[in-house]
Amino acid sequence: MNDPVQIERQFQDVMAEFGQSESIRYRYRLFVLFAETLVGEYKKYSSYLIQFIPGLHLFSIPLTWYGMDPKELERYIIIMDELSAAIGELKGSQHFQNVSGRLREVCILLYCCLNEPKSASAHINRLFRRDVNFAGFIEKEDILKHDNLLELLNDFLIMYSDSQADLSSSDKEKCNRLGSDLQNLMKQSDGNVFVPVVEKYGYEDGSWIQFGRLRKLSVEIYGRSEERDELRRNFPIFGAEKPVLIDNDNLVNAPRILAEEKSTRLKNQYFKGLISYELSGARHEGDSANLAIAALW
């Protein structure tokens with residue numbers, strides 16, 4: 001059994017960190033870590049747990065959940081289900097139910113990205129509270145006609161939404177929302193690529209909470225340069241806050257050699273480029289994206 005005084009101290013510390021963070025992932029992790037210390041005593045400490053719920057924002061655009069491990073989200077879903085069963089106020093909270101449902105939707109999308117149809121199908125059944133037979137749909141379809149499982153899921157949702165006369169408005173919203181997510185995931189555009197990064201949060205005791213994620217990187221040519229190619233970064237890095245000229249000749253020289261081999265017209269024609277990340281306000285550290293930058297340039 002937990003010491004109430006210790007729980008109060010822990011709550012104050014976690015809530016302070018929770019309120020200061022803008023990261024959706026970090027907020028969920030903090031909340032779940034706190035909730036897991038209260039397993040079996042959710043009702044007793046419900047007043048603490050309920051205060052976190054308004055700050056648990058939905059995982060909306062793919063950027064908020066790219067690169068997450070669906071098994072971690074399953075851990076969150078289990079906690080949400082247990083809290084809903086134990087605390088009546090949460091079971092009746094529309095926002096809490098939206099948060100819980102959205103976690104399952106993101107799980108479905110991630111398992112499709114990982115090409116794990118059985119896991120995706122299990123969550124689809126739970127989301128719609130019935131056996132919708134996504135697995136059977138996959139078996140009937142010619143998978144060679146589709147590039148990936150995301151396309152199959154998109155076709156399935158269209159078929160399912162159109163064929164179910166008794167489909168509730170809530171389930172139709174789920175189909176539409178997942179369909180919109182799928183369109184964003186499958187949309188292709190030039191000049192950008194996703195690079196793997198680690199989102200890290202440190203504590204005074206030297207411990208870390210960190211997440212793997214994908215971050216959208218783009219390089220855009222915005223003008224000509226007189227003597228050499230120039231690349232500037234449009235995101236802060238540790239140690240330098242303002243966008244500055246990239247001091248790394250390899251990033252421009254290697255692409256320059258390849259470009260001139262393909263087209264002699266580019267000789268002595270130089271350009272200015274801007275490197276940007278989606279959500280450019282987040283600080284970046286390290287050089288792991290240099291190959292991707294050079295390839296885009």
Side-chain angles (χ1 to χ4, degrees), residues 1-2 4 6-8 10-19 21 23-61 64-65 68-112 116 118-132 134 157 160 164 166-178 180-181 209 211:
M1 182 169 295
N2 288 296
Q6 182 61 34
I7 292 299
E8 170 66 24
Q10 185 180 354
F11 168 76
Q12 294 297 337
D13 291 342
V14 174
M15 181 55 83
E17 188 77 12
F18 183 92
S21 176
S23 169
I24 295 178
R25 302 178 191 214
Y26 189 39
R27 285 190 171 200
Y28 275 81
R29 177 68 70 84
L30 287 171
F31 172 68
V32 168
L33 288 175
F34 179 71
E36 286 178 336
T37 66
L38 304 177
V39 172
E41 298 181 280
Y42 292 145
K43 186 65 177 177
K44 179 179 179 180
Y45 293 103
S46 61
S47 61
Y48 292 133
L49 294 162
I50 289 172
Q51 291 183 61
F52 286 97
I53 305 306
L56 292 177
H57 304 305
L58 298 180
F59 284 102
S60 52
I61 58 175
T64 60
W65 49 264
M68 291 189 74
D69 185 348
K71 293 190 181 302
E72 180 178 356
L73 291 183
E74 288 175 334
R75 171 186 169 192
Y76 296 176
I77 291 170
I78 290 172
I79 290 293
M80 296 298 181
D81 288 346
E82 291 176 351
L83 291 174
S84 181
I87 304 174
E89 293 93 324
L90 294 183
K91 192 171 184 178
S93 165
Q94 187 60 54
H95 177 68
F96 181 81
Q97 297 305 318
N98 291 341
V99 166
S100 183
R102 184 56 180 168
L103 287 173
R104 199 172 295 282
E105 291 173 4
V106 173
C107 245
I108 293 167
L109 295 166
L110 285 168
Y111 274 125
C112 285
E116 296 188 22
K118 289 184 179 180
S119 297
S121 184
H123 282 287
I124 291 173
N125 290 343
R126 291 292 302 276
L127 181 68
F128 291 104
R129 301 174 303 282
R130 66 173 80 176
D131 184 359
V132 300
F134 179 51
L157 288 171
Y160 180 72
Q164 300 296 315
D166 62 340
L167 200 63
S168 67
S169 59
S170 174
D171 283 351
K172 287 181 180 178
E173 288 179 7
K174 294 171 187 176
C175 287
N176 292 336
R177 190 163 49 244
L178 282 169
S180 178
D181 289 325
I209 286 182
F211 313 93

**Prompt:** Just wondering, are more than 12 heavy atoms of other shown residues or ligands nearer than 6.0 Å to NZ in Lys43?
**Reply:** yes

**Request:** Calculate, to the nearest 0.5 Å, the distance between atoms CD and CG belonging to Glu116 and Leu110 respectively.
**Result:** 10.0 Å

**Request:** Return yes if some donor-acceptor pair links the side-chain N/O of Gln51 with the main-chain N/O of Ser46 below 3.5 Å, else return no.
**Result:** no

**Item:** For the student: nearest non-hydrogen atoms of Met80 and Ser100, plus distance
**Value:** CB-OG, 3.9 Å

**Fill in**
The reported gap from CG in Leu178 to CD1 in Ile124 (rounded to nearest 0.5 angstrom) is 7.5 Å

**Request:** Give a yes or no on this: more than 12 heavy atoms of other residues, nucleotides or ligands lie within 6.0 Å of atom CZ of Arg126.
**Result:** no

**Message:** Under the criterion side chain to side chain contact (heavy atoms under 4.5 Å, CB included), I'd like the reasoning laid out for Ile53 against Phe31: C-alpha separation, chi angles, the key distance, then a yes or no.
**Reply:** CA-CA 9 Å; Ile53 305 306; Phe31 172 68; 3.8 Å; yes

**Prompt:** Is there a donor-acceptor contact under 3.5 Å from the side chain of Thr37 to the main chain of Phe34?
**Reply:** yes

**Message:** Test side chain to side chain contact (heavy atoms under 4.5 Å, CB included) on Gln10 and Tyr48; report intermediate values, then the result.
**Reply:** CA-CA 10 Å; Gln10 185 180 354; Tyr48 292 133; over 6 Å; no

**Complete:** Here the gap from Ile24 atom CD1 to Ser60 atom OG, rounded to the nearest 0.5 Å, amounts to 5.5 Å

**Asked** Step by step, would you call Tyr26 with Glu17 a side-chain hydrogen bond (donor to acceptor under 3.5 Å, both in side chains)?
**Response** CA-CA 9 Å; Tyr26 189 39; Glu17 188 77 12; 2.9 Å; yes

**Spatial distance of atom NZ (Lys118) from atom OG (Ser121) [nearest 0.5 Å]** = 10.0 Å

**Prompt:** Is it true that a side-chain atom of Tyr28 and a backbone atom of His57 form a donor plus acceptor pair closer than 3.5 Å?
**Reply:** yes

**Request:** Please name the pair of heavy atoms, one in Arg27 and one in Leu56, separated by the smallest distance, quoted to 0.1 Å.
**Result:** O-CD2, 4.1 Å

**Asked** Counting N and O atoms only, with roles assigned by atom type, does the side chain of Asn125 sit under 3.5 Å from a partner on the main chain of Val132, one being a donor and the other an acceptor?
**Response** yes

**Prompt:** Which atoms form the tightest heavy-atom contact between Cys107 and Glu74, and what is the distance?
**Reply:** SG-CG, 3.7 Å

**Request:** Let me see the working for Tyr76 and Arg29 under side chain to side chain contact (heavy atoms under 4.5 Å, CB included), right down to the final yes or no.
**Result:** CA-CA 8 Å; Tyr76 296 176; Arg29 177 68 70 84; 3.3 Å; yes

**Request:** Might you work through the side chain to side chain contact (heavy atoms under 4.5 Å, CB included) test for Leu127 and His123, ending with a clear yes or no?
**Result:** CA-CA 6 Å; Leu127 181 68; His123 282 287; over 6 Å; no

**Request:** Provide the closest heavy-atom pair for Ile79 versus Val32 in the form atom of the first, atom of the second, distance.
**Result:** CG1-CG1, 4.1 Å

**Asked** Around atom NZ of Lys44, are there more than 12 heavy atoms of other residues, nucleotides or ligands at under 6.0 Å?
**Response** yes

**Message:** If I take atom CG from residue Leu73 and atom CH2 from residue Trp65, how far apart are they, to the nearest 0.5 angstrom?
**Reply:** 10.0 Å

**Request:** Please determine if Glu105 and Arg102 form a salt bridge, counting it only when a charged side-chain N lies under 4.0 Å from a carboxylate O.
**Result:** yes

**Asked** Below 6.0 angstrom between ring centroids: does that apply to Phe52 and Phe11?
**Response** yes

**Request:** Might you point out which heavy atoms bring Tyr42 and Ala35 nearest each other, and give the distance in Å?
**Result:** CE2-O, 3.4 Å

**Message:** Check Asp69 with Arg75, please: is the shortest side-chain N to carboxylate O separation under 4.0 Å?
**Reply:** no

**Request:** Enter the distance from Met15:CE to Gln12:CD here, rounded to the nearest 0.5 Å.
**Result:** 8.5 Å

